[in-house]
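Hydrogens, waters and symmetry mates play no part in the numbers below; they use all other heavy atoms, side chains included. These figures come from a predicted structure and were not determined experimentally.
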Amino acid sequence: MKKWLIPVIIIVVIVFGFYRWGVNFNNTAVKLNENISESWGNVETAYQRRSDLIGNLVNTVKGAADFEKSTLTAVIEARAKATSINIDPSKVTPQQLANFNKVQGGLSGALKSLLVTVERYPDLKANQNFLKLQDELTSTENQILTARTRFNEATKPYNNHIKTFPNTLLAGLFHFESKPYFNAEAGAEKAPDVKFDFNKKKN
């Protein structure tokens, strides 16, 4: 073998090694990012289900002629804000996720106030449609919690992949940025309480 071929072969091997590293990094990052997008879709689906149920709940509550309009208005406005935010999971920023969290938390608070107010309406509490919606809301809050948890679980391996050395050297080159995690909503360590003591007598 000619001596000049040795450095050429070494260079080719090194270049090929870097090429394979880049391809593997990119393909893995893409797959992990797709998992995040899928998980985000499940988050949106769970929140959309809650939004739909709240719409039905509001219509049911409207049947109580003397029900406080301000309470209903607060829920309707909070629901409108919550459904107006659209996030692209491939480009989500910490600020976007924080805003999303904030408006969803505002809707949770308005919903909780609505359901607590219902306590003063025996006929409404006994409405079978309302009772069914209440049970479905409880189930949906659990689905939301699960979807958010799985979103975080999908985000972690992606962040680990692009942040660990030497992959971090390629992350900027391929325009991969870390994703934020869901944090608990401020003042909402648990899902809105949508259960009532139906044996409690009205004062």
request  = Would you give the length of the straight line joining atom CG of L97 to atom CZ of F151, rounded to the nearest 0.5 angstrom?
outcome  = 6.0 Å

request  = Could you tell me which non-hydrogen atom of A110 sits nearest to which non-hydrogen atom of A74, and how far apart they are?
outcome  = CB-O, 3.9 Å

task = Please answer: with hydrophobic residues joined when any side-chain heavy atoms are less than 4.5 Å apart, are L145 and F100 in the same cluster?
result = no

ask   = Can you tell if the side chain of Q134 reaches within under 4.5 Å of the side chain of L115, non-hydrogen atoms only?
value = no

query = Are I87 and Y181 grouped together when hydrophobic residues (ILVMFWY) are joined by side-chain heavy atoms under 4.5 angstrom apart?
reply = no

query = So, for F182 and N152, which heavy atoms are closest and what is the spacing to 0.1 Å?
reply = N-OD1, 2.7 Å

query = Would a 4.5 Å heavy-atom cut-off, applied to side chains only, mark V92 and P180 as touching?
reply = yes

inquiry  = Can you tell me how far apart CZ (R148) and CG (N101) are? Round to the nearest 0.5 Å.
reply    = 4.5 Å

request  = Could you tell me the separation between the CG atom of L53 and the CG atom of L137, rounded to the nearest 0.5 Å?
outcome  = 5.0 Å

inquiry  = Side chains of N27 and V23, heavy atoms from C-beta outward: is any pair under 4.5 Å?
reply    = yes

query = Do the non-hydrogen side-chain atoms of T164 and T168 ever get within less than 4.5 Å of each other?
reply = no

key: Short side-chain donor-acceptor distance under 3.5 Å, N99 and Q95   = yes

Residue pair N127 / L131, side-chain heavy-atom distance below 4.5 Å = no

task = Check the angle between the aromatic planes of F25 and F176 and answer parallel, tilted or perpendicular using the 30° and 60° thresholds.
result = perpendicular

query = Between the side chains of N159 and S178, does any donor sit under 3.5 Å from an acceptor?
reply = no

query = Do the side chain of N33 and the main chain of A29 share a donor and acceptor less than 3.5 angstrom apart?
reply = no

ask   = Has R49 got more than 12 heavy atoms of other residues, nucleotides or ligands less than 6.0 Å from its CZ?
value = yes

query = Do I14 and I6 share a hydrophobic cluster (ILVMFWY, side-chain heavy atoms under 4.5 Å, transitive)?
reply = yes

Separation of D52 CG from Y47 OH (nearest 0.5 Å) = 14.5 Å

task = Kindly give the heavy-atom pair with the smallest separation between A46 and I144, and that separation in Å.
result = CB-CG1, 3.7 Å

task = Would you check if the side chain of Y158 reaches a backbone N or O of E177 as a donor-acceptor pair within less than 3.5 Å?
result = yes

key: Closest non-hydrogen atom pair, S90 against D88   = OG-OD1, 2.7 Å

task = Indicate whether the side chain of W21 and that of N167 have a donor and an acceptor atom separated by less than 3.5 Å.
result = yes

task = Give the intermediate values and the outcome of side chain to side chain contact (heavy atoms under 4.5 Å, CB included) for residues V61 and T117.
result = CA-CA 11 Å; V61 172; T117 303; over 6 Å; no

message = Hydrogens and angles aside, do R50 and Q143 bring a side-chain donor and acceptor to less than 3.5 Å of each other?
response = no

ask   = Has the side chain of S113 got a donor or acceptor atom that lies under 3.5 Å from a matching backbone atom of G109?
value = yes

ask   = Do the side chain of R79 and the main chain of S51 share a donor and acceptor less than 3.5 angstrom apart?
value = yes

key: For V103 against A82, the heavy-atom pair lying closest together   = CG2-CA, 4.0 Å

query = Quick check: does any side chain N or O of S139 sit under 3.5 Å from a backbone N or O of E136, one acting as donor and the other as acceptor?
reply = no

message = A quick test of your reading: do over 12 heavy atoms of other residues, nucleotides or ligands sit less than 6.0 Å from CZ of F18?
response = no

query = Of the non-hydrogen atoms in V75 and L107, which two are nearest, and what is the gap between them?
reply = O-CD1, 4.0 Å

query = Rounded to the nearest 0.5 Å, how far apart are CG of L124 and OG1 of T60?
reply = 8.0 Å

query = Stepwise, does the side chain to side chain contact (heavy atoms under 4.5 Å, CB included) test hold for K62 with V58?
reply = CA-CA 6 Å; K62 282 181 179 178; V58 167; 3.7 Å; yes

N26 side chain reached by V30 side chain, heavy atoms, under 4.5 Å = yes

task = Kindly compute the distance separating CG (L133) from OG1 (T138), expressed to the nearest 0.5 Å.
result = 11.0 Å

